[in-house]
Amino acid sequence: MSEEKSLNFIEEIIEADLESGKYKTILTRFPPEPNGYLHIGHAKSICLNFGLGLKYGGKTNLRFDDTNPVKEETEYVDSIKEDVQWLGFNWEKELYASDYFEQLYLFAVDLIKKGLAYVDDSSAEEIASLKGTPTVPGMDSANRSRTIDENLQLFAQMKAGKYADGEKVLRAKIDMASPNMHMRDPLLYRIKHAHHHRTGDAWCIYPMYDFAHGQSDSIENITHSICTLEFIPHRELYDWMIDKLEIFPSQQYEFARLNMTYTVMSKRKLLQLVTEGHVQSWDDPRMPTISGMRRRGFTAESIRTFCDKIGVARRENMIDFSLLEFCLREDLNKSALRVMGVLDPLKLIITNYPDGQTEELVSENGPDEAYGTRIVPFSKELWVEREDFMEEAAKKWFRLAPGAAVRLKSAYIIKCDGFTKDANGIVNEIHCSYLPETKSGHDTSGMSVKGTIHWVSVTHAVPAEVRLYERLFKVENPAAEDGDFKEYINEDSLKIISNAWVEHSLLSGTTATRYQFLRKGYFCLDKESAASKLVFNRTVTLKDAWSKEVKKH
RNA sequence: UGGGUUAUGGUGUAAUGGUAACACAACAGAUUUUGAUUCUGUCUUUCUAGGUUCGAAUCCUAGUAACCCAACCA
């Protein structure tokens with residue numbers, strides 16, 4: 001009651017249904033086809049359906065819409081279950097449309113007996129040409145007037161395997177002149193002599209979406225069947241089936257699917273990215289798949305927050321990728337361990353520091369005291385970030401440059417005295433002197449500097465590979481551009497750094513550990529990482545006011 | 001004989017006839033041993049034209065634009 005947040009349109013419907021007594025409790029479902037991996041668009045649907053169940057004390061089923069055996073595989077079933085669980089949701093029942101094949105077959109027989117379905121011998125082409133167009137009414141098939149007995153016999157023979165693929169179909173008898181193309185005698189069953197991932201070879205006829213989905217909802221007593229906008233034209237048929245079959249009246253509601261800038265969101269396109277090698281796999285960290293995002297280091301919490309923030313409505317949308325990044329950073333900032341890692345190393349020598357000496361300095365692990373501290377070794381030679389040094393300081397430059405002073409995080413203030421270059425004219429060493437009285441936590445100097453930089457001790461550092469990811473596409477909406485969407489792929493979306501140095505403490509992490517490399521971004525261990533060779537993914541950068549400053553000039 | 005759906009700042013989402021608000025983005029500034037975080041502030045909105053009303057984002061009329069529908073896919 002204290003929650004003032006306004007309801008989305010589906011919540012309004014549910015509250016009205018609960019209040020009127022239409023339902024005592026609600027039952028929703030998340031109904032993926034197991035023909036690919038789940039992506040962030042599915043996450044919106046998952047959060048919606050499971051969220052509604054949770055919010056209103058109802059339940060949510062996970063139902064696999066597995067009515068097309070040639071596209072579906074157990075591998076996908078497994079990944080979908082893993083992804084839903086990872087997102088933090090528990091389903092009431094794990095169900096399959098294929099569980100209902102027998103019941104669905106009986107429904108079809110019922111329809112035939114009622115004179116509302118018939119077997120058609122027409123080819124796919126003939127059916128298409130008789131269908132008409134949106135502006136031209138269709139025409140009846142010659143088989144439309146078959147007797148009920150004949151239809152019953154033919155359908156039984158279809159089931160028995162008497163016919164080859166495509167030889168016959170079962171159609172609903174509705175209205176070939178309907179303005180809704182889906183009502184022009186839609187196909188109910190087609191013949192496919194194919195192996196099904198669950199029913200094996202038990203069936204050679206398979207129900208179409210329109211004869212499986214709504215009926216499955218009804219069998220399960222789903223109260224609110226939520227799908228995306230493109231199914232609006234199917235709703236008339238959905239209702240027709242329930243009416244004619246006289247079964248539980250589930251109701252379909254549609255919302256707008258998620259679109260996000262700089263990525264694509266269709267399984268077909270994502271599949272192409274994988275099969276054509278534009279990315280490595282479905283869980284490539286650049287992919288908008290749940291598994292890709294998980295591997296990249298996204299937290300389930302951040303994805304849930306994102307889905308909550310984008311809302312649920314019925315108009316087309318294009319969400320800024322930056323909103324997702326905002327939700328990610330907001331969550332990671334609360335929990336990521338603060339560590340130091342140098343991605344583009346440049347050697348810094350503290351000329352007045354004793355040779356061979358090591359100090360154990362203390363550095364904080366997290367955003368607040370509760371995270372405690374750890375020891376970070378310090379010595380005469382350090383790796384620092386190459387981009388933290390300029391031969392000639394720019395305006396507003398707070399970092400290293402000849403004559404400039406900076407603080408080494410958790411260590412000392414140092415002053416840059418000079419640098420050397422290699423034979424190619426590339427800077428290879430920076431020479432600095434440190435101020436012993438500026439030791440972190442014990443600073444008695446009263447000095448203050450504008451810049452603080454991260455570092456790792458050369459003799460103590462651990463080598464690591466770091467993978468940096470950029471957006472996968474160069475344009476906001478690749479699907480809407482002229483030509484093939486793949487022309488807009490960002491060829492520089494993956495940058496592999498093989499010579500990074502990180503602090504020793506990173507040897508003890510797991511893939512579940514979230515790190516903030518100070519000043520560089522949020523990172524996590526990749527699944528390919530090993531003790532012998534650490535591999536990190538950059539989940540997301542930190543916001544960077546300096547790079548904006550640079551771009552301005 | 002076409003039908004359906006949707007229009008609110010740069011992007012999303014609210015406001016259910018009564019002060020157009022919240023978040024992201026952008027832009028300024030303060031704090032900072034992360035140019036991060038945090039904090040403060042600025043910026044821009046009801047598709048168009050009529051109408052009803054004391055009062056319209058909301059109701060009415062007529063337009064306009066975008067998206068969806070003619071797979072033996074889901």
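Letters A, B, ... mirror the listed sequences (proteins, then strands); counts begin at 1. These numbers come from a predicted model, not from an experiment.
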* To do: State yes or no: are the ring centers of A:Tyr209 and A:Phe231 separated by less than 6.0 Å?
  =>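 Aromatic pair counts; centres sit under 6.0 Å.
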
Round to a whole Å and report the spacing from [atom1] of [X] to [atom2] of [N].
{"X": "A:Leu7", "N": "B:A15", "atom1": "CG", "atom2": "C1'", "result": "13 Å"}
{"X": "A:Lys44", "N": "B:G12", "atom1": "NZ", "atom2": "P", "result": "11 Å"}
{"X": "A:Met318", "N": "B:C67", "atom1": "CE", "atom2": "C1'", "result": "12 Å"}
{"X": "A:Phe255", "N": "B:U6", "atom1": "CZ", "atom2": "P", "result": "15 Å"}
{"X": "A:Glu11", "N": "B:U13", "atom1": "CD", "atom2": "C1'", "result": "13 Å"}
{"X": "A:Asn8", "N": "B:U6", "atom1": "CG", "atom2": "C1'", "result": "17 Å"}
{"X": "A:Arg184", "N": "B:G2", "atom1": "CZ", "atom2": "P", "result": "12 Å"}

I'd like the [atom1] distance from [M] over to [N], given in whole Å.
{"N": "B:U48", "M": "B:U58", "atom1": "P", "value": "10 Å"}
{"N": "B:A15", "M": "B:C72", "atom1": "P", "value": "41 Å"}
{"N": "B:A20", "M": "B:A56", "atom1": "C1'", "value": "12 Å"}
{"N": "B:U53", "M": "B:C60", "atom1": "P", "value": "16 Å"}
{"N": "B:U44", "M": "B:C39", "atom1": "P", "value": "24 Å"}
{"N": "B:G35", "M": "B:A21", "atom1": "C1'", "value": "33 Å"}
{"N": "B:G50", "M": "B:U45", "atom1": "C1'", "value": "22 Å"}
{"N": "B:A36", "M": "B:U46", "atom1": "C1'", "value": "37 Å"}

* Phosphate oxygens OP1/OP2 of B:U6: is one of them under 4.0 Å from a side-chain N or O of A:Arg314? ->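 So the side chain of A:Arg314 is within the cut-off, an N or O lying under 4.0 Å from OP1 or OP2 of B:U6.
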
Please set out all donor-acceptor pairs under 3.5 angstrom arising from side-chain atoms of residues 255-265 of chain A, sequence neighbours excluded.
{"residue": "A:Arg257", "atom": "NH1", "partner": "A:Glu230", "partner atom": "OE2", "Å": "2.5"}
{"residue": "A:Asn259", "atom": "ND2", "partner": "A:Asn317", "partner atom": "O", "Å": "3.0"}
{"residue": "A:Thr261", "atom": "OG1", "partner": "A:Phe321", "partner atom": "N", "Å": "2.9"}

* Asked: When every nucleotide of nucleotides 19-40 of chain B is labelled 5' to 3' by its protein contacts under 4.0 Å (heavy atoms), B for base, S for sugar-phosphate only, - for none, what sequence of letters results?
  -> -----SSSSS----BBBSS---

* Reading 5' to 3' through nucleotides 68-74 of chain B, protein heavy-atom contacts under 4.0 Å coded B for base, S for sugar-phosphate only, - for none -> SSB-BSB

* Asked: Is there side-chain contact between A:Lys409 and A:Trp455, with heavy atoms separated by less than 4.5 Å?
  ->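 Side chain of A:Lys409 against side chain of A:Trp455, heavy atoms only: contact under 4.5 Å found.
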
* Apply the test side-chain hydrogen bond (donor to acceptor under 3.5 Å, both in side chains) to residues A:His213 and A:Arg29: give CA-CA distance (whole Å), side-chain angles for both, the deciding distance (0.1 Å), then the verdict. => CA-CA 11 Å; A:His213 198 100; A:Arg29 104 265 94 116; 2.7 Å; yes

* side chain to side chain contact (heavy atoms under 4.5 Å, CB included) partners of A:Asp239, counting only residues at least two apart ->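 Side chain to side chain contact (heavy atoms under 4.5 Å, CB included) check on A:Asp239 returns A:Arg235.
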
* Can you list every ring pair (Phe, Tyr, Trp, His ring centres under 6.0 Å) pair that touches residues 164-184 of chain A, not counting sequence neighbours? ->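 Those involving residues 164-184 of chain A are A:His182-A:His234.
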
* Asked: Looking only at side chains, do A:Glu72 and A:Tyr96 share a donor and an acceptor under 3.5 Å apart?
  ->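 No, no side-chain donor-acceptor pair sits under 3.5 Å.
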
* Give a yes-or-no answer on whether the side chains of A:Ser505 and A:Glu503 include a donor-acceptor pair shorter than 3.5 Å. =>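 Result is yes, a qualifying pair exists.
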
Which word best sums up how the rings of [X] and [Y] line up, parallel for under 30°, tilted for 30 to 60°, or perpendicular for over 60°?
{"X": "A:Tyr37", "Y": "A:Trp282", "value": "parallel"}
{"X": "A:Phe473", "Y": "A:Phe485", "value": "tilted"}
{"X": "A:Tyr515", "Y": "A:Phe536", "value": "perpendicular"}

* Asked: Is it true that A:Glu33 and A:Lys71 make a salt bridge, defined as a side-chain N closer than 4.0 Å to a carboxylate O?
  ->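 No, A:Glu33 and A:Lys71 are not salt-bridged.
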
* Nearest-nucleotide comparison on RNA chain B, the residue closer to the 5′ end among A:Ser178 and A:Ile319 ->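 Closest to the 5' end, via its nearest nucleotide, is A:Ser178.
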
* Can you tell me which stems RNA chain B forms when a stem means 3 or more consecutive Watson-Crick or G-U pairs under 3.5 Å? ->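 Detected stem regions: B:2-7 with B:64-69, B:10-13 with B:21-24, B:26-30 with B:38-42, B:47-51 with B:59-63.
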
